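Please read the structure below before turning to the comments.
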Amino acid sequence: MPAPAPVPAPAPTPVTILVDADACPVKEEIYRVAERFGAEVRVVSNSPFRVPVSARVRRVVVSDGFDAADDWIAEHATPRSVVITADILLAERCLKAGARVLKHDGREFDAASIGSAVATRAIMEDLRAGMDGVGGGPPPFSKADRSNFLQALDRVLVQLRRS
């Protein structure tokens, strides 16, 4: 009697890139890298965005409710997800779910950095509250930021592919 054929191991769950899309300057880069790696992309926002026609890319439009997009992303974040956001509190929620989290400039939030990022955010919020009329914000997005993001996304997707 012939030996039974070995059962192949199940294919790993595909990686899903969850994009906090309302202020994301690297959507086109995400689509290109995701296609190369065979990753799924969910572009989450409060209003419709044009997304490429692809079986891998899906637009998710949530209500205009405060933090509705963040809530959707946090609920769908898993250890097989890469979340793209500059929102520190969303990053913290997604890290707790086991997701990898990248900022638009390629810096990665992780367990070692998120605590100080949350604390700095709170301090800055307090300072801004006491400084009537003082604005600011992040520096302009640069070519170096875009390049750093592409390298970081590639690195994270390679790591997830191996796991």
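This structure is a prediction, so every number in the text was calculated from the model and none was measured. When reading the values below, keep in mind they use all heavy atoms of this one structure, side chains included, and skip hydrogens, waters and symmetry mates.
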Please answer whether the main-chain N or O of [Y] pairs with a side-chain N or O of [X] as donor and acceptor at a distance below 3.5 Å.
| X | Y | value |
| --- | --- | --- |
| N148 | A144 | yes |
| R107 | F149 | no |
| N46 | S63 | yes |

Separation of [Y] [atom2] from [X] [atom1] (nearest 0.5 Å):
| X | Y | atom1 | atom2 | answer |
| --- | --- | --- | --- | --- |
| C94 | H76 | SG | NE2 | 11.5 Å |
| K103 | F109 | NZ | CZ | 5.0 Å |
| D145 | H104 | CG | NE2 | 11.0 Å |
| E40 | S81 | CD | OG | 11.0 Å |
| Q159 | S163 | CD | OG | 8.5 Å |
| R100 | R80 | CZ | CZ | 11.0 Å |

**D154/R36 salt bridge by N-O under 4.0 Å criterion** = yes
**Asked** Minimum heavy-atom separation for V61 to P48, with atom names?
**Response** CG2-CA, 3.9 Å
Would you say [X] and [Y] make side-chain contact, with heavy atoms under 4.5 Å?
| X | Y | value |
| --- | --- | --- |
| V156 | E108 | yes |
| I17 | V19 | yes |
| F37 | L160 | no |

In the single-linkage hydrophobic clustering (I, L, V, M, F, W, Y; side-chain heavy atoms under 4.5 Å), do [X] and [Y] co-cluster?
| X | Y | answer |
| --- | --- | --- |
| V60 | V26 | no |
| V33 | V82 | yes |
| V15 | I30 | yes |
| I88 | L95 | yes |
| V41 | L153 | yes |

**Request:** Apply the test side-chain contact (heavy atoms from CB on, under 4.5 Å) to residues V83 and I73: give CA-CA distance (whole Å), side-chain angles for both, the deciding distance (0.1 Å), then the verdict.
**Result:** CA-CA 8 Å; V83 176; I73 292 168; 3.8 Å; yes
**Message:** Quick one, V62 with S45, criterion side-chain contact (heavy atoms from CB on, under 4.5 Å). Give me CA distance, side-chain angles, the key distance, then yes/no.
**Reply:** CA-CA 6 Å; V62 296; S45 65; over 6 Å; no
Enumerate donor-acceptor pairs with a distance under 3.5 Å from any side-chain N or O in residues 50-58 to protein atoms, sequence neighbours excluded.
| residue | atom | partner | partner atom | Å |
| --- | --- | --- | --- | --- |
| S54 | OG | R56 | N | 3.1 |
| R56 | NH1 | G38 | O | 3.0 |

**Request:** Kindly write out the residues that satisfy side-chain contact (heavy atoms from CB on, under 4.5 Å) with D70, not counting sequence neighbours, or none if the list is empty.
**Result:** D20, D67, D87, L90, R93
